[in-house]
Amino acid sequence: MSTAGIQELRGEHRPRIHDDGFRHAAIEGLSQTPKVLGSKYFYDAAGSALFDRICELPEYYQTRTELKILRDHANEIASLIGDNAELIEFGAGALRKVRVLLDAAAKLRAYVPVDISGDYLRAVTCALELDYPDLMIDPVVGDFTQPLQLPSVGARRVGFFPGSTIGNFRREEALRLMSSWAGMLRGGGLLIGVDLVKDPAVLHAAYNDAAGVTAAFNKNLLARANRELQANFDLDTFAHYACYNPLEQRIEMYLVSLERQRVRVGERTFGFEQGEAIYTEDSHKYTVRQFRQLAVEAGFEPRAVWVDDDALFSVHWLEAP
């Protein structure tokens with residue numbers, strides 16, 4: 001399976017990919033065995049709204065747990081960021097968590113939110129500018145998995161990557177991404193959220209919520225293909241399925257065809273057998289030790305790490321020497 005095809009980027013950011021990119025990825029992914037739809041395409045306007053709802057679900061512990069960690073240790077984190085730093089948030093999304101840092105690190109030189117969804121980024125940035133009128137805010141529309149053209153303000157750079165999004169990359173992909181950041185942030189650091197290995201029942205509930213919001217979020221990939229790619233997926237003939245793979249320490253998410261059928265995507269037609277699945281998401285979980293080892297391999301020096309009392313989630317401070 002092409003690991004690039006299932007890069008998800010499930011964090012608090014809102015990818016919005018040009019139709020040509022989505023079309024190419026959909027055709028390529030559905031031509032594979034097993035079929036794949038890259039989860040970076042979850043986040044159109046409808047998908048973003050659904051993910052906002054997921055973050056409020058009782059089963060979805062990640063958002064509230066990470067926010068509590070950030071709030072509880074905000075002053076310590078601010079001291080590590082230091083004065084006159086340029087804070088770069090990769091996959092900025094709704095900008096909820098960064099407000100904790102902006103409140104605590106009052107002497108930042110600039111804040112640079114990076115997101116692939118230009119319209120969404122501009123909207124949330126406008127709201128942020130009203131609340132922080134004295135802060136230089138310079139949004140960048142771009143895919144943070146690719147080389148970025150960032151503004152240069154002559155300040156020490158600190159990266160911020162919340163939301164456990166790093167878990168949506170296979171290990172070799174995560175290593176490659178973090179290695180690129182180690183170079184970009186040289187002389188600064190990276191604050192990153194990492195979901196932890198835990199009771200599989202807790203993980204199962206988080207990705208199979210009782211209200212069915214995650215199922216709707218997953219199926220929105222098909223709905224988006226119908227809207228943008230002239231596809232004719234019947235959403236009622238596909239089921240959301242998410243499971244924890246303990247050998248790989250990851251959640252795997254699928255859309256399973258409930259019947260034998262044929263689906264058109266633009267000029268192409270794809271056949272599905274009953275029970276055939278489309279692979280849509282990985283979400284890897286780490287132990288603290290495993291992630292710190294990954295950081296070392298990527299060129300960072302692991303320093304502080306904060307974990308909640310229930311050992312559900314971790315936030316790491318990594319220095320880029």
Side-chain angles (χ1 to χ4, degrees), residues 11-13 55 61-115 124-125 128 131-132 134-140 144 150 153 155-167 174 177-178 181-182 184-196 286-296 298-321:
E12 318 263 319
H13 64 313
C55 292
Y61 59 87
Q62 288 96 319
T63 301
R64 62 177 175 271
T65 305
E66 185 178 27
L67 268 170
K68 186 176 188 306
I69 292 172
L70 292 174
R71 289 168 178 154
D72 288 349
H73 301 281
N75 290 335
E76 185 180 355
I77 292 169
S79 68
L80 291 169
I81 293 173
D83 294 342
N84 297 314
E86 178 186 20
L87 183 64
I88 303 166
E89 183 173 5
F90 302 107
L95 308 185
R96 293 178 61 194
K97 295 172 184 174
V98 76
R99 288 175 177 267
V100 178
L101 304 186
L102 297 183
D103 290 341
K107 295 183 179 181
L108 283 175
R109 175 80 62 86
Y111 169 57
V112 181
V114 180
D115 199 283
V124 295
T125 299
L128 197 71
D131 294 334
Y132 299 90
D134 297 327
L135 177 65
M136 180 190 300
I137 301 176
D138 199 346
V140 172
F144 64 75
L150 296 176
V153 297
R156 175 173 173 267
R157 284 177 167 171
V158 172
F160 182 42
F161 195 44
S164 75
T165 307
I166 194 64
L177 179 63
M178 290 181 61
W181 288 349
M184 180 191 305
L185 302 172
R186 186 172 293 118
L190 175 67
L191 186 70
I192 183 169
V194 181
D195 202 7
L196 297 177
Y286 289 87
T287 65
V288 168
R289 180 179 178 181
Q290 286 170 342
F291 184 75
R292 287 169 69 89
Q293 179 59 42
L294 176 67
V296 169
F300 286 99
E301 293 182 357
R303 296 303 188 193
V305 58
W306 304 275
V307 177
D308 64 285
D309 291 341
D310 295 321
L312 297 173
F313 200 90
S314 62
V315 175
H316 298 248
W317 172 256
L318 312 174
E319 291 185 355

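The heavy-atom pair separating G299 from P321 by the smallest distance is O-CD, 3.5 Å. The two residues A182 and A320 come nearest to each other via the heavy atoms O-CB, 3.8 Å. A pairwise comparison of heavy atoms in R109 and M136 identifies O-CB, 3.7 Å as the closest pair.
Taking the six-membered ring where tryptophan is involved, the planes of W181 and F90 are essentially parallel, since the angle between them stays under 30° and well short of 60°.
The closest side-chain heavy-atom distance from E89 to L95 is below 4.5 Å. Within the 4.5 Å cutoff, the side chain of F291 has heavy atoms near those of the L318 side chain. With a 4.5 Å cut-off on side-chain heavy atoms, P139 and D115 do not count as touching. At least one side-chain heavy atom of L70 sits less than 4.5 Å from a side-chain heavy atom of F160. Proximity of W317 to I81: side-chain heavy atoms (C-beta onward) are separated by under 4.5 Å at one or more points.
With hydrogens and angles ignored, the 3.5 Å screen pairs a side-chain donor or acceptor of R156 with a backbone N or O of G187. With E66 contributing its side chain and G163 its backbone, the two residues share a donor-acceptor pair below 3.5 Å.
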(request) Applying side-chain contact (heavy atoms from CB on, under 4.5 Å), run through L80 and V158 and close with a yes or a no. (result) CA-CA 10 Å; L80 291 169; V158 172; over 6 Å; no
(request) Show your working on side-chain contact (heavy atoms from CB on, under 4.5 Å) between R96 and T63 and close with a plain yes or no. (result) CA-CA 10 Å; R96 293 178 61 194; T63 301; 3.8 Å; yes
(request) Before giving the answer on side-chain contact (heavy atoms from CB on, under 4.5 Å), spell out for D131 and L102 the whole-Å C-alpha distance, their side-chain angles and the decisive distance to 0.1 Å. (result) CA-CA 10 Å; D131 294 334; L102 297 183; over 6 Å; no
(request) Report the C-alpha separation of H316 and L190 in whole Å, then their side-chain angles, then the decisive distance to 0.1 Å, and conclude whether the side-chain contact (heavy atoms from CB on, under 4.5 Å) test is met. (result) CA-CA 8 Å; H316 298 248; L190 175 67; over 6 Å; no
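Note that CZ of R292 and CZ of R289 are 11.0 Å apart. Values are rounded to the nearest 0.5 Å. One distance of note links NZ of K97 with CD1 of I69; it measures 9.5 Å at 0.5 Å rounding. In this structure, CG on L108 lies 12.5 Å from CG on D134, to the nearest 0.5 angstrom. To the nearest 0.5 Å, the span separating CG on L191 from CD1 on I88 amounts to 13.0 Å. How far NZ of K107 is from CG of N84: 8.5 Å, rounded to the nearest 0.5 Å.
Take D83 and apply the salt bridge (Lys or Arg N to Asp or Glu O under 4.0 Å) test, not counting sequence neighbours, and it matches no residue. In this structure, the side-chain contact (heavy atoms from CB on, under 4.5 Å) partners of A174, at least two apart in sequence or on a different chain, are I166, F169, Y286, L294.
A centroid separation of less than 6.0 Å is found between the aromatic rings of F161 and F144.
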Please report, to 0.1 Å, the donor-acceptor pairs under 3.5 Å made by any side chain of residues 302-312, with sequence neighbours excluded.
residue : atom : partner : partner atom : Å
R303    : NE   : E319    : OE1          : 3.3
R303    : NH2  : E301    : OE1          : 2.7
W306    : NE1  : E76     : OE1          : 3.2
D308    : OD1  : L312    : N            : 2.9
D308    : OD1  : F313    : N            : 2.7
D308    : OD2  : D310    : N            : 3.0
D308    : OD2  : A311    : N            : 3.2
D308    : OD2  : L312    : N            : 3.3

